[in-house]
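Data first, discussion second: the structure below is written as structure tokens.
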Amino acid sequence: MNNLTGTVHVVDDDDAVRLALDSLLRSMGLQVRTHATVEAFLARPLPDVVPSCVVLDVRLPGVSGLDLLRASARTAHTELPPTIVVTGHGDIPMSVQAMKAGAIEFLSKPFREADLLRAIEDALRLDSQQHIQRAERAEWRQRYASLTRREHEVLHLIVAGRLNKQIAAELGVSEVTVKLHRAQVMRKMGQDTLADLVRGMTRLGDGERTTGVHPDTPPPAPPYTKV
């Protein structure tokens with residue numbers, strides 16, 4: 001744990017807790033930003049630093065920690081880095097609510113430093129992984145948006161498991177034309193095999209699959225394979 005790197009946002013209304021965590025985490029080589037309320041936390045834009053995480057108290061004046069988690073779960077505009085919830089008034093129902101709202105760990109005060117550091121280590125690792133996944137999805141969206149209307153049609157039919165002759169019949173074109181479009185789709189999507197193409201498409205959510213689609217493109221042909 002001595003090789004931890006990243007930024008930890010501490011949101012707690014207890015001055016002593018903020019000072020103690022600031023000292024502990026900085027001694028581990030971490031960057032720390034402390035906030036006494038959710039409003040103060042939200043007033044300062046999160047720096048685009050990876051990895052990062054949040055240590056969040058549940059009971060806070062004004063907006064509570066659970067309120068913040070729930071808001072984050074409802075909209076990407078307040079998306080939080082991996083969040084560890086801490087409280088001095090913890091119970092099982094509260095921990096369940098916190099985990100359902102997106103917390104990755106729930107610790108009751110007083111907690112052991114080792115437990116907190118382990119949770120932070122897990123959170124920072126998770127944020128790094130999620131950053132890679134977000135970058136991959138962004139690349140896929142960009143590649144997907146580069147396809148022509150016909151290439152989108154062919155792509156959706158390929159992913160739906162249609163054979164070239166079936167695609168040709170459905171689109172009213174020749175198999176040779178389908179093969180040409182199929183080659184273009186594979187090239188533009190940067191894939192060598194059908195399996196890689198299907199796996200890559202699962203990175204895009206249902207809404208994202210329509211991002212950048214030509215306005216005349218019909219809806220995706222079912223079924224999609226989801227993981």
Side-chain angles (χ1 to χ4, degrees), residues 5-7 45-54 69-83 99-104 122-227:
T5 58
T7 299
L46 291 178
D48 187 17
V49 176
V50 176
S52 62
C53 69
V54 179
L69 278 173
R70 289 168 179 150
S72 176
R74 288 194 300 266
T75 172
H77 295 298
T78 54
E79 185 176 358
L80 294 174
T83 301
M99 301 302 274
K100 283 185 176 180
I104 67 165
D122 291 343
L124 295 175
R125 185 183 301 112
L126 176 60
D127 192 49
S128 294
Q129 294 169 349
Q130 291 177 339
H131 176 73
I132 293 172
Q133 293 167 357
R134 287 192 295 269
E136 289 176 345
R137 284 197 298 271
E139 181 181 356
W140 269 86
R141 286 194 295 269
Q142 185 175 21
R143 289 180 178 274
Y144 185 66
S146 74
L147 301 180
T148 65
R149 177 188 60 79
R150 182 63 83 185
E151 288 164 356
H152 276 112
E153 294 173 337
V154 171
L155 170 60
H156 293 311
L157 292 169
I158 290 172
V159 174
R162 306 292 201 275
L163 301 175
N164 285 348
K165 62 181 180 181
Q166 293 173 318
I167 297 174
E170 189 160 340
L171 297 181
V173 298
S174 69
E175 281 193 58
V176 172
T177 298
V178 171
K179 289 179 181 178
L180 290 174
H181 284 308
R182 186 173 186 138
Q184 280 290 86
V185 167
M186 298 298 287
R187 181 184 66 80
K188 288 185 177 181
M189 297 303 291
Q191 303 305 305
D192 296 322
T193 69
L194 175 59
D196 289 338
L197 180 66
V198 172
R199 277 195 296 269
M201 285 299 290
T202 63
R203 295 187 181 123
L204 301 180
D206 292 335
E208 289 177 306
R209 289 195 183 99
T210 62
T211 301
V213 178
H214 190 282
D216 295 330
T217 301
Y224 269 104
T225 302
K226 293 187 178 180
V227 295

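Any value given below was found using the heavy atoms of this structure, including those in side chains, with hydrogens, waters and symmetry copies removed. The model shown is predicted, which means the values in this text are computed figures rather than measured ones.
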Approximate separation, where rounding is to 0.5 Å, of Ile158 CD1 and Ile167 CD1: 5.0 Å
In the structure I gave you, are the side-chain heavy atoms of Leu155 and Leu197 within less than 4.5 Å of one another anywhere? yes
Set of side-chain contact (heavy atoms from CB on, under 4.5 Å) partners for Lys179, sequence neighbours left out: Asn164
Tell me every residue that passes side-chain contact (heavy atoms from CB on, under 4.5 Å) with Ala195, counting only those two or more places apart in sequence or in another chain. Thr193, Arg199
Using every non-hydrogen atom in the two residues, find where His152 and Tyr144 come nearest and quote the distance to one decimal. NE2-O, 2.9 Å
Under 3.5 Å donor-acceptor, Asp127 side chain and Ser52 backbone: yes
Can you establish whether the number of heavy atoms outside Glu136 located under 6.0 Å from its atom CD is more than 12? yes
Contacts of Ser128 meeting side-chain contact (heavy atoms from CB on, under 4.5 Å) (sequence neighbours excluded), chain-then-number -> Val50, Pro51
Measure the shortest side-chain to side-chain distance between Arg143 and Lys188 over non-hydrogen atoms and say whether it is less than 4.5 angstrom. no
Under the rule for salt bridge (Lys or Arg N to Asp or Glu O under 4.0 Å), what residues qualify as partners of Arg182, not counting sequence neighbours? none
I need the Glu151 CD to Arg187 CZ distance, nearest 0.5 Å. 8.0 Å
Interatomic distance, His156 atom NE2 to Arg162 atom CZ [nearest 0.5 angstrom]: 12.0 Å
What I'd like to find out is whether the side chain of Asp196 reaches to under 4.5 Å of the side chain of Met189, using heavy atoms alone. no
Quick one: side-chain contact (heavy atoms from CB on, under 4.5 Å) partners of Leu46, sequence neighbours excluded? His9, Phe41, Pro81
Heavy-atom check, side chain of Val178 versus side chain of Leu157, under 4.5 Å: no
Smallest heavy-atom separation, Val185 atom then Leu147 atom, equals CA-CD2, 4.4 Å
Test salt bridge (Lys or Arg N to Asp or Glu O under 4.0 Å) applied to Glu175 - qualifying residues, sequence neighbours left out: none
How long is the straight-line distance from OG1 of Thr83 back to CG of Leu126, given to the nearest 0.5 Å? 10.0 Å
May I ask you to test the His181-Val173 pair for a side-chain heavy-atom distance under 4.5 Å? no
